[in-house]
Amino acid sequence: MCVKYTLIPDYNLELYITAINLCAYFLATYRKNECWIFWIAYDCLLVNLMIEKQMYLNALTTLLYLPIAFSGNYNWKKMSRAAQKQYKT
C-alpha cells in the first residue's frame, strides 16, 4: 500500500530540474546547439514546479523565458547552417 501523504517531501522534480540546468550550462559553455533543448525543458519543468507550489508570479516570469529559449535555438541553428555552408565552399 502506498501512502500518499508523508512527512518527507518528494524532491524528485527539484533534482531533475537541477540536473537539467547543470547540463544546459555545461552544453552552453561548449557552444552546443543542444543546450537550448535543455533550457526549454528546464523552463517547462520549472513553471510546473512554481504552479505546484502556488508561486504564480514566479511561474509567469519563468514562462517569459520560453520564447527566449526558442529564439536562441532557432538563431543558433541558423548560424550553424551558415557556418557549415561557408566551410564547404
Hphob cluster co-occupancy, [X] + [Y], side-chain heavy atoms under 4.5 angstrom:
{"X": "Leu63", "Y": "Phe70", "answer": "yes"}
{"X": "Tyr56", "Y": "Leu66", "answer": "yes"}
{"X": "Tyr42", "Y": "Leu49", "answer": "yes"}
{"X": "Ile40", "Y": "Tyr74", "answer": "no"}
{"X": "Met55", "Y": "Ile17", "answer": "yes"}

Distance in Å, [X] [atom1] paired with [Y] [atom2], rounded so as to fall on 0.5 Å steps:
{"X": "Asp43", "Y": "Asn48", "atom1": "CG", "atom2": "CG", "result": "12.5 Å"}
{"X": "Ser80", "Y": "Lys32", "atom1": "OG", "atom2": "NZ", "result": "10.5 Å"}
{"X": "Asn73", "Y": "Glu34", "atom1": "CG", "atom2": "CD", "result": "9.5 Å"}

Provide the closest heavy-atom pair for [X] versus [Y] in the form atom of the first, atom of the second, distance.
{"X": "Ile68", "Y": "Trp36", "value": "O-CZ3, 4.1 Å"}
{"X": "Trp76", "Y": "Asn33", "value": "CE3-OD1, 3.5 Å"}
{"X": "Cys35", "Y": "Ala24", "value": "CB-O, 3.7 Å"}
{"X": "Val47", "Y": "Ala59", "value": "CG2-O, 3.7 Å"}

Who passes ring pair (Phe, Tyr, Trp, His ring centres under 6.0 Å) against Tyr25, sequence neighbours left out?
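Trp39.
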Salt bridge (charged side-chain N to carboxylate O under 4.0 Å, His left out) against Lys53, all qualifying residues, sequence neighbours excluded:
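If we apply the salt bridge (charged side-chain N to carboxylate O under 4.0 Å, His left out) test to Lys53, skipping adjacent residues, the hits are Glu14.
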Just by modelled atom types, is the Ser71 backbone N or O under 3.5 Å from a matching donor or acceptor in the Asn75 side chain?
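Pair found, side chain donor or acceptor close to backbone of Ser71.
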